[in-house]
K.L.:
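Structure provided below as structure tokens; questions to follow.
Numbering of ligands and ligand atoms starts at 1, following listing order.
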Amino acid sequence: MLPTDIDDMTVLLGDPEVMRFYPAPKTREQAAAWIAWNQRNYAEHGYGLWIIETHEGNFVGDCGLTWQEVNGVKKLEVGYHVAPRWQGQGVASEAAAACRDFARDQVGARELIAIIHPDNRASERVAEKIGMQRIEDDQPASGSRRIVLSMQL
Ligand SMILES: CC(C)(COP(=O)(O)OP(=O)(O)OC[C@H]1O[C@@H](n2cnc3c(N)ncnc32)[C@H](O)[C@@H]1OP(=O)(O)O)[C@@H](O)C(=O)NCCC(=O)NCCS
């Protein structure tokens with residue numbers, strides 16, 4: 001993910017359908033902050049959310065690894081967003097499986113989680129398909145309920 005991805009990321013994260021389970025779609029400024037956050041993660045950890053694209057170079061979405069706090073404990077999470085026209089073709093499952101393998105083989109992580117809105121069945125299904133099971137609910141201070149799926153690597 002590079003600053004030059006700002007147009008594609010603004011469309012992706014500004015899409016009400018893609019952001020249905022978030023507080024609100026993101027503005028262009030917030031999409032720029034998202035890119036900057038991932039660039040900081042690359043510098044600090046060597047990974048973050050990456051761009052998903054086709055072999056031809058068409059923008060599809062993002063997927064990758066970030067550290068998130070669950071009930072006060074930092075855990076490695078796989079996250080994914082796929083543009084509506086590319087959904088339902090197995091893209092998120094393929095990308096998330098590659099991130100799981102990267103977390104195990106390159107990061108050396110022992111556990112991988114996914115934090116998901118309780119009504120987001122598509123996201124939960126992707127997590128299940130890469131081998132995760134629901135372990136706990138998380139109630140962050142912000143108040144929105146989230147379920148947590150996890151797997152040992
Ligand atoms: C979640 C998301 C990334 C899935 O992307 P995708 O590329 O369409 O996912 P895949 O095609 O790999 O697989 C989706 C699975 O969920 C299932 N699914 C999709 N919509 C569903 C729904 N509404 N209810 C139940 N299952 C659903 C699919 O059938 C498929 O499972 P299957 O292979 O067993 O049939 C995509 O829907 C998205 O970007 N959503 C908005 C952003 C988001 O919520 N991200 C996750 C934040 S935690």
K.L.:
Atom CG in D5, atom CZ in F59: separation rounded to 0.5 Å?
P.N.:
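Here the interatomic distance stands at 7.0 Å.
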
K.L.:
Mind checking the CD1-CD spacing from I6 to E29? Nearest 0.5 Å is all I need.
P.N.:
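Atom-to-atom, I6:CD1 and E29:CD are 9.5 Å apart.
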
K.L.:
Donor-acceptor check, side chain of Y22 to backbone of P16, threshold 3.5 angstrom: yes or no?
P.N.:
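Here the side-chain-to-backbone pair does not exist.
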
K.L.:
Closest approach of T54 and V60, non-hydrogen atoms and distance?
P.N.:
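That closest heavy-atom pairing would be CG2-CG2, 3.7 Å.
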
K.L.:
Answer yes or no: is there a side-chain heavy-atom contact under 4.5 Å between R104 and D101?
P.N.:
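When only atoms from C-beta onward are counted, D101 and R104 do touch, with a gap below 4.5 Å.
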
K.L.:
For ligand 1, give me the residues whose heavy-atom distance to it is below 4.0 Å, by chain and number please.
P.N.:
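Residues near ligand 1: V18, Y22, Y80, H81, V82, Q87, G88, Q89, G90, V91, A92, S93, I115, N120, R121, A122, S123, R125, V126, K129.
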
K.L.:
Pick from I113, I130, I116: which one makes a side-chain contact (heavy atoms from CB on, under 4.5 Å) with L149?
P.N.:
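Among the candidates, only I116 passes.
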
